[in-house]
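All remarks here apply to the structure that follows.
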Amino acid sequence: MQDLYIYNSLTRKKEKFVPIYEGFVGMYICGPTVYSDVHLGNCRTFTSFDIMYRFLKYLGYKVRYVRNITDVGHLLDDGQDRISKGARQDNLEPMELVQKYMNGFHHMMRTFNNLDPDIEPRATGHIVEQIEMVQQILDNGWAYIRNGSVYFDTVKFAEVKKVYGKLSGRKIEELQAESRKLNKQDEKRHPSDFAIWMKAGQDHIMRWSSPWSEGFPGWHLECSVMSTKYLGKHFDIHGGGNDLKFPHHENEIAQNIGACDCAPANYWIHTNMLLMNGRKMSKSDGNTITPDELFTGDSPHISRAYSPMELRFFMLQTHYSSTLDLTDAGLLAAAKAYKRLMEARRALQSLQSTASNGDQDQQIKQLMQKAIDQMCDDFNTPKALAVLFELVPKINSLADGKTKMDTISQTTLEALKTFFDQMIFEIFGLEDDQLIEGNKEELQSVMKLIIDIRKQARADKNWKLSDQIRDQLAAANIQLKDGKDGTTWTIG
RNA sequence: GGUCGGGUGGCCGAGUGGCUAGGCAGUGGUCUGCAAAACCAUGUACGGCGGUUCGAAUCCGCUCCCGACCUCCA
């Protein structure tokens, strides 16, 4: 198996990936809190991890991909539970609200062609385990009880274990100064302490009995518990958006160490944020767009609709660790490049060679290997994509006869076909919009008829008719392409 | 204020101490009835100032600017 290198947020270095059990990978990704419609930024994050999941599988690993659904405990800064608040607003039972937005989330993930995780555990389904972990942390002396709530003692933990703040680069002393204004500070010994069990207020809907109070688990606890339950105390990869680095992941590590004296994951991967027009997306100042608005084009920020696959391609052009700036110009450019790649792929699949060896064989083999090498270098999709685009002109040249077919051997050609499909469909997780839309038999026969009529018109030098057919089809978003071997067509 | 990440040619976006990233747009050419598509060719690029080096966009220092996080967020 080829070596894979991953940038580890924990060590701030690119490291060779060595799984705990050879051939197996345990990967935990922090999933969404399902209290409102899925944010486009979520789509970016989970698409990034989807590509890692896909690539790990491509390399031959047996991967267990766990991604949670947060349906309790994630509080707003006024102390209200996000789910409870949403449920009140929509006049729904909390679990109804969770179901509604979870369904929406799943639908969007599939729209982007993201693979389902292998396990998708929910926080409310693991209250018992969370209570157990709170008890372990208490037993180990890393937490204290105040008025029915349980708080993690970050000061003591930091002093003894010396790891608190390692992931996020924080220091306890610095945290103190900045967090004085927060709620419930009076109950905490130190501002950086955090709740692992919260006593529920009178009007708090979501509550469970525990040894300490009727209440609910702290937000960070679910991930510690569920990663441990499904991947073990010590697993390979833990990921999430880099906005979760602090406090969520820092606290998660503290909890795991506090409970079992064992750091949860070897490799921490953080994806960067999605921006729009250079700034953070924000509902309040109108700098925002929903996935559906992108798909319909119904937004002042874009000049036309973009398909989920055009967006996925757009994401691939930027490394997961960089901010991705969504702009209309960028999307337009990506959509064209996406189309070019897909058309080259289609052209490739229809090529045939009988040669036993060819002048281009060596170079094409090197490029294929190079693309995989780039993916092995911290999942560098932009570079891998660049390699595919080095192959595109070669393929097109073969397809329209500018390069002779005997410059590529049958073996290399077949390998290239397989490689292209693996890269595009299996690893990048793209789909060919054209095949989905243009596959209908009826459309195929209608287009054949139209092209035949135009062919006759051209033979008769009836340019008026042939141009009319071409222009009106173009207006209907169908493009004709006159090649050496006749006319082909594409949508878009 | 603290932490982290950035500033690359018209736009987007990789990247490494010396070897063409790539995409989009532009220009010239081939092809075409004309186009489109495709192919070929083409661009003073690396925020600023110093330093290290035979050589730096790539390393170091300073400085300016931007973003994220530090408080709910993927």
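Note on naming: letters A, B, ... go to the chains in the order of the sequence lines (proteins, then strands), and numbering restarts at 1 for each one.
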request  = Could you list by number each residue of residues 299-319 of chain A showing a heavy-atom separation from RNA chain B of less than 4.0 Å, or answer none if no residue does?
outcome  = A:Q317, A:T318, A:H319
query = Is the NZ or CZ atom of A:R67 both under 6.0 Å from the centre of the six-membered ring of A:F46 and within 45° of that ring's axis?
reply = yes
query = Looking just at side-chain N and O atoms, do A:D328 and A:Y306 make a donor-acceptor pair shorter than 3.5 Å?
reply = yes
Smallest separation among heavy atoms of A:F420 and A:L341, with atom names = CE2-CD1, 4.0 Å
key: Letter per nucleotide, 5' to 3', of nucleotides 28-40 of chain B [B base touched, S only sugar-phosphate touched, - untouched; heavy atoms, 4.0 Å]   = ---S-BBBBSBSS
key: Sidechain N-carboxylate O distance under 4.0 Å for A:R312, A:D50   = yes
key: 5'-most by nearest nucleotide on RNA chain B - A:R44 or A:R12   = A:R12
key: Gap between atoms NZ and P, on A:K383 and B:U20 respectively (whole Å)   = 14 Å
inquiry  = Just by distance, no angles: are the side chains of A:N8 and A:E15 close enough, under 3.5 Å, to form a donor-acceptor pair?
reply    = yes
ask   = Out of A:D90, A:D71, A:D37, which one pairs with A:K100 under the salt bridge (Lys or Arg N to Asp or Glu O under 4.0 Å) rule?
value = A:D90
query = Distance between the P atoms of B:A56 and B:C19, in whole angstroms?
reply = 12 Å
request  = Quick one: closest heavy-atom pair of A:V72 and A:F216, and the distance?
outcome  = CG2-CB, 4.3 Å
query = Do NZ/NE/NH1/NH2 and the carboxylate oxygens of A:R304 and A:E310 come within less than 4.0 Å?
reply = yes
ask   = Tell me: CZ of A:F379 to C1' of B:A14, nearest whole Å?
value = 17 Å
ask   = Under 4.0 angstrom, heavy atoms only, what part of the nucleic acid is A:A337 near: base, sugar-phosphate, or nothing?
value = sugar-phosphate
Pairwise C1' distance for B:G22 and B:U30, with rounding to whole Å = 24 Å
ask   = When the distance from CZ of A:F428 to C1' of B:G23 is rounded to whole Å, what number comes out?
value = 13 Å
request  = Between B:G15 and B:C59, how far apart are the P atoms? Round to whole Å, please.
outcome  = 12 Å
query = What's the NZ-P distance between A:K245 and B:U71, to the nearest Å?
reply = 15 Å
ask   = Mind checking the C1' distance from B:G2 to B:G50? Whole angstroms is fine.
value = 28 Å
query = Based on Watson-Crick and G-U pairs with both distances under 3.5 Å, what dot-bracket line describes RNA chain B 5' to 3', crossing pairs as [ ] and inter-strand pairs as |?
reply = (((((((..(((.....[...))).(((((.......)))))....(((((..]....))))))))))))....
task = Output the single nucleotide from B:C11, B:A25, B:G67 whose closest atom is nearest the side chain of A:A329.
result = B:C11
ask   = Nearest-Å distance, CE (A:M276) to P (B:C12)?
value = 16 Å
ask   = Taking atom C1' in both B:G18 and B:G23, what distance in whole Å separates the two?
value = 27 Å
query = Does a donor on one side chain and an acceptor on the other come within less than 3.5 Å for A:D377 and A:Y7?
reply = no
inquiry  = Can you check the distance between B:A45 and B:G10, where both ends of the measurement are the P atom (answer in whole Å)?
reply    = 10 Å
query = When the nearest nucleotide of RNA chain B is assigned to A:Y7 and to A:H220 on a heavy-atom basis, which residue is associated with the more 5' position?
reply = A:Y7
query = In whole Å, what separates the C1' atom of B:U52 from that of B:G9?
reply = 28 Å
message = From the set B:A74, B:G13, B:G23, return the single nucleotide nearest to any side-chain atom of A:A333.
response = B:G23
request  = Classify the nucleic acid contact of A:S322 as base, sugar-phosphate or nothing, counting any heavy atom under 4.0 Å across all strands shown.
outcome  = sugar-phosphate
query = Quick one: is B:C69 close enough that its OP1 or OP2 comes under 4.0 Å of any side-chain N or O from A:K280?
reply = yes
request  = Rounded to whole angstrom, note down the P distance from B:U71 over to B:C65.
outcome  = 25 Å
key: Criterion ring-ring contact (aromatic ring centres under 6.0 Å, His included) against A:F152, the qualifying member of A:Y164, A:F157, A:W219   = A:F157
key: Spacing between A:M423 atom CE and B:G22 atom C1', to the nearest angstrom   = 13 Å
task = Look at all strands and tell whether A:L274 reaches a base, only sugar-phosphate, or nothing, counting heavy atoms closer than 4.0 Å.
result = base
ask   = Can you check the A:M52 CE to B:A74 P distance for me, whole Å?
value = 17 Å
request  = Remember a base hit wins even if backbone is also touched, and classify A:G41 as base, sugar-phosphate or nothing at under 4.0 Å, heavy atoms.
outcome  = base
ask   = Going by atom types alone, do A:E222 and A:N68 pair a side-chain donor with an acceptor below 3.5 Å?
value = yes
message = Tell me whether A:E390 is salt-bridged to A:K370, with the criterion being a basic N under 4.0 Å from an acidic carboxylate O.
response = yes
request  = Say whether A:Y28 and A:D236, considering side chains only, have a donor N or O and an acceptor N or O under 3.5 Å apart.
outcome  = no
inquiry  = Any salt bridge linking A:D373 with A:K383? Criterion: basic side-chain nitrogen under 4.0 Å from a carboxylate oxygen.
reply    = no
message = Just the rounded figure in Å: distance from C1' of B:G13 to CG of A:D325.
response = 11 Å
request  = Name the nucleic acid region contacted by A:L244, choosing base, sugar-phosphate or nothing; use a 4.0 angstrom heavy-atom cut-off, strictly under.
outcome  = sugar-phosphate
